[in-house]
2 protein chains.
Amino acid sequence: MLNERSLAVHQDCSDCPIRHRAVCARCETDELQRLEEIKYYRRYEAGSHVIWSGDRMDFVGSVVSGIATLTQTMEDGRTQMVGLLLPSDFVGRPGRDTAAYDVVATTDIVMCCFRKKPFEDMMVRTPHIAQRLLEMTLDELDAAREWMLVLGRKTAREKIASLLSIIARRDATLNMRGTEGQIVFDLPLTREAMADYLGLTLETVSRQISALRKDGVIELEGKRHVTIPDMGRLMEEAGDDADGGLLI
Amino acid sequence: MLNERSLAVHQDCSDCPIRHRAVCARCETDELQRLEEIKYYRRYEAGSHVIWSGDRMDFVGSVVSGIATLTQTMEDGRTQMVGLLLPSDFVGRPGRDTAAYDVVATTDIVMCCFRKKPFEDMMVRTPHIAQRLLEMTLDELDAAREWMLVLGRKTAREKIASLLSIIARRDATLNMRGTEGQIVFDLPLTREAMADYLGLTLETVSRQISALRKDGVIELEGKRHVTIPDMGRLMEEAGDDADGGLLI
DNA sequence: CCTCGCTGTTGATCTGCGTCAATGTTTTCC
DNA sequence: GGAAAACATTGACGCAGATCAACAGCGAGG
C-alpha cells in the first residue's frame, strides 16, 4: 500500500517504483547496479489478471503506472478486495512461491518486475533491502488493520466516506498537493469494485454516494469525477478523528 | 500471529518465543549471545493494558505465555480487534516509536522484551533478524487479509465457525496434536471479545454458538469448553475449502 | 449465607443493508 | 447512427443482525 511515508521515499525514484534507489541509497553502487540489471517491465490491459491466486509466482515487483486490486474470492463467488495497488506499491512475497490472492489490473498498468530468485539472492547480500521491505510490509499491515475496523464496525455511509477520504488523500499526495481547500479527483474504481472493497453491495454503494452528494459532503460531475469541498467534514463522516486517519 | 509455519521454527526455542535462536541459527554465536544479554521479562495481569494506543513504545518483544489482544477503538466506543496474540507472537514495530493499537492482556501473560534501540542496532548488524521479521510480518499480513474476507463477506454463523476453526487448529498445533478425530479446547475469549474480533454483537455471538451446538457442529461443556466432533464439518460451516484455510 | 458484579443466554422488536427488479446513462463497436 | 454491453441509479420489499430488555449461573467478598 501506499502512504505518505513510503511515498516520500518514492519521490527520488519516479521511473521505477520498486524504490530500489531509495532502498539502496546506503548500499554500494554495484548492488544498485545489479538490481538495475535484473529488472524488466511488463504491461497488462485493464481487466486482465496479473496473477491468479494459487499460481506459481516467479517474480516480485511493483506498480509503475495504473491501478490494480488484490482480491480474494470464496467458492460461491463472494469477493473481498484486500488491497488496492497504486503506483509504487509492491507485489509479491520473497520466500513464498504461490500467490495467495488474485491481482487484477483495474486500468492498463505497467509493472516493474524482478525474477524472484535473483531478487532473493540480492536480499541476502544486501541487508538494507530486507529492512526496507520490512518497513513497507509493516506499513501494509497497519493499513490492513485499519481496514479491518472499517469492515467490522463502520456503517455503509462511514465506509464510503472512509474510502473517499483515503483516495482523496492518496491522490493529493501523488500529485504533490496538500489536503487544504477543496480536493478534486477521479474515482479509479467502479461501484462494484468499491463494494468489494467495502464489504457492501454495489446498490448500497450507489445509494450512499447519492446520499453524501445530496447532503453536500461531496460533489459529483458524471459518475466518477468527485469534488470534496471540505475534507474535515468528509473525515467526520468517516468516523475518523480529523488528523489521525487511515494509512492505506 | 502464529501459524503452523512460524510455530515449526519456534519448536527449538520454547523458553523465549521471540524465536531468536531460530532467527540466529545461522548467525555467529556472539550475536545470539548479545540478544540474550538485552532481553528481559515482564508480567501483566489479566485485563491490564500492555500498551496504550498512541503511547511511546520503548520495547519490542513477544508473548511467552497467556493471551493478549490487539484492538482499535473509535471515539464513540466501537471496538475492533485486529489481532490475537498467542505465545510466540511478536509485538512491536522496529522503526516506529508510537503504538498504533491497544494491547490488552486477556489472561495473565508473560512477555519477553528487548529495549527497542539495542534491538534495532542488532537488526542492522545481523541481517537474518530483519529477514526473519520480514517473514513473520508477511505471515501476519496474510492473516490480516484473510480476516478482511471474514469481516467483509461472511455471515454471523460463518464468522463464528471461522473463529472456532482458527482457535481449534492453533490449539492443536500448540499442543502438538493433529486435527484428526475430535478436537477439544477451551475458548480463550469472552463472548464480547469474540464479538469484537468478528464485528458482531455479543448477543449474536451467543445465539450463533447456541445454534451451532443445536446443529451438532460443536459440543459445549459449560461456557468455554468446546469439543469439535468433525473438523471438516466446521470448516464447511466456515465457508472455507477443507484444506486451504486461515493462517492467523 | 447473602449480595454484588461479571458473564452468558434468550426473547421481542427494530432497522440497515441485501435482494430483486426496472430504468437510465455512457461507452463500444458494427 | 443504432444496437449492445457495461456501468449506474432508484424503488419495493424482506431478512440478518442490532438493539433493548429480562433473567440465569457463578465466583468473590463481606
Side-chain angles (χ1 to χ4, degrees), chain A residues 45-48 69 74 76-80 104 106-108 150-164 186-215 218-226 237 239, chain B residues 45-48 74 76-80 104 106-107 150-164 186-215 218-226 237 239:
Chain A
E45 285 187 5
S48 66
T69 64
M74 295 172 66
D76 60 7
R78 279 178 282 177
T79 299
Q80 176 66 51
V104 183
T106 293
T107 63
D108 288 353
V150 173
L151 289 172
R153 291 299 184 197
K154 291 195 178 179
T155 65
R157 184 179 173 106
E158 289 169 334
K159 285 180 178 182
I160 298 286
S162 298
L163 181 57
L164 290 176
D186 284 300
L187 275 175
L189 301 173
T190 65
R191 300 292 186 259
E192 190 180 16
M194 294 175 69
D196 284 343
Y197 206 0
L198 297 166
L200 298 170
T201 60
L202 65 92
E203 292 94 332
T204 300
V205 169
S206 183
R207 271 185 252 274
Q208 296 298 337
I209 288 182
S210 298
L212 287 174
R213 180 163 50 96
K214 192 161 64 63
D215 297 347
I218 61 174
E219 285 154 28
L220 267 183
E221 199 173 322
K223 313 294 186 185
R224 300 289 192 91
H225 194 74
V226 181
E237 290 284 351
Chain B
E45 285 187 4
S48 66
M74 294 171 66
D76 61 6
R78 280 178 282 176
T79 299
Q80 176 67 51
V104 183
T106 293
T107 62
V150 173
L151 289 172
R153 292 300 184 193
K154 292 195 178 181
T155 64
R157 184 179 174 108
E158 288 170 333
K159 285 180 178 182
I160 299 286
S162 297
L163 181 56
L164 291 175
D186 284 300
L187 275 175
L189 301 173
T190 65
R191 299 292 186 259
E192 190 180 15
M194 293 175 69
D196 284 342
Y197 206 0
L198 297 166
L200 298 170
T201 59
L202 65 91
E203 293 95 330
T204 300
V205 170
S206 182
R207 271 185 252 274
Q208 295 298 337
I209 288 182
S210 299
L212 287 173
R213 179 164 49 95
K214 193 161 65 60
D215 298 346
I218 62 173
E219 285 155 27
L220 267 184
E221 200 173 323
K223 313 293 187 187
R224 300 289 193 93
H225 195 73
V226 181
E237 290 285 350

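What's counted below: heavy atoms across the whole structure, side chains too, no hydrogens, waters or symmetry copies. In what follows, chains are A, B, ... by sequence order, proteins preceding strands, each numbered from 1. Worth saying up front: this structure is predicted, and the values here are computed from it rather than measured.
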Residue A:Lys223, side-chain heavy atoms: nucleotide from C:dT10, C:dC20, C:dT25 that is nearest: C:dT25

Of the listed nucleotides D:dA18, C:dG18, C:dG8, the one nearest the side chain of B:Ser206: C:dG8

Non-hydrogen side-chain atoms of A:Glu158 and A:Arg153 separated by less than 4.5 Å: no

Sugar-phosphate, base or nothing in reach of B:Gly199, heavy atoms under 4.0 Å: sugar-phosphate

Atom-pair distance (CG on B:Leu187; C1' on C:dG8), nearest Å: 12 Å

Separation of D:dA6 P from A:Arg224 CZ (nearest whole Å): 15 Å

For B:Leu187, the option from B:Lys223, B:Met194, B:His225 that meets side-chain contact (heavy atoms from CB on, under 4.5 Å): B:Met194

Nearest-angstrom distance from the residue atom CD of A:Glu203 to C1' of C:dT23: 14 Å

CG on B:Leu198 to CD on B:Gln208, rounded to 0.5 Å: 10.5 Å

Side chain to side chain donor-acceptor pair (under 3.5 Å) involving A:Thr107 - partner list, sequence neighbours excluded: none

Backbone N/O of A:Ala46 and side chain of A:Asp108: donor-acceptor pair under 3.5 Å: yes

Side-chain donor/acceptor of B:Glu219 to backbone N/O of B:Arg213, under 3.5 Å: no

Whether A:Glu221 side chain and A:Val226 backbone form a donor-acceptor pair below 3.5 Å: no

Atom-to-atom span, CG of B:Leu220 to P of D:dG25 - whole angstrom: 16 Å

Degree of bending, the helix from C:dC1-D:dG30 to C:dC30-D:dG1 (end axes from five pairs; round to 10°): 30°

Distance, rounded to the nearest Å, where A:Asp186 contributes CG and D:dC7 contributes P: 16 Å

Integer-rounded Å distance: D:dC13 P and A:Arg207 CZ: 13 Å

From A:Arg207 atom CZ to A:Arg157 atom CZ, the distance as rounded to the nearest 0.5 Å: 14.5 Å

Separation of D:dC7 P from A:Leu202 CG (nearest whole Å): 11 Å

Comparing A:Gly222 and A:Thr204 on DNA chain C - which has the more 5′ nearest nucleotide: A:Thr204

Under 4.0 angstrom between B:Thr201 side-chain N/O and D:dT19 OP1 or OP2: no

A:Ser206 (side chain) donor-acceptor with A:Leu202 (main chain) under 3.5 angstrom: no

Contacting residues from residues 188-196 of chain B, given that a heavy atom lies under 4.0 angstrom of DNA chain D: none

Among C:dC17, D:dT10, D:dG17, the nucleotide that comes nearest once only the side chain of A:Gln208 is considered: C:dC17

Distance, rounded to the nearest Å, where B:Leu212 contributes CG and C:dT10 contributes P: 13 Å

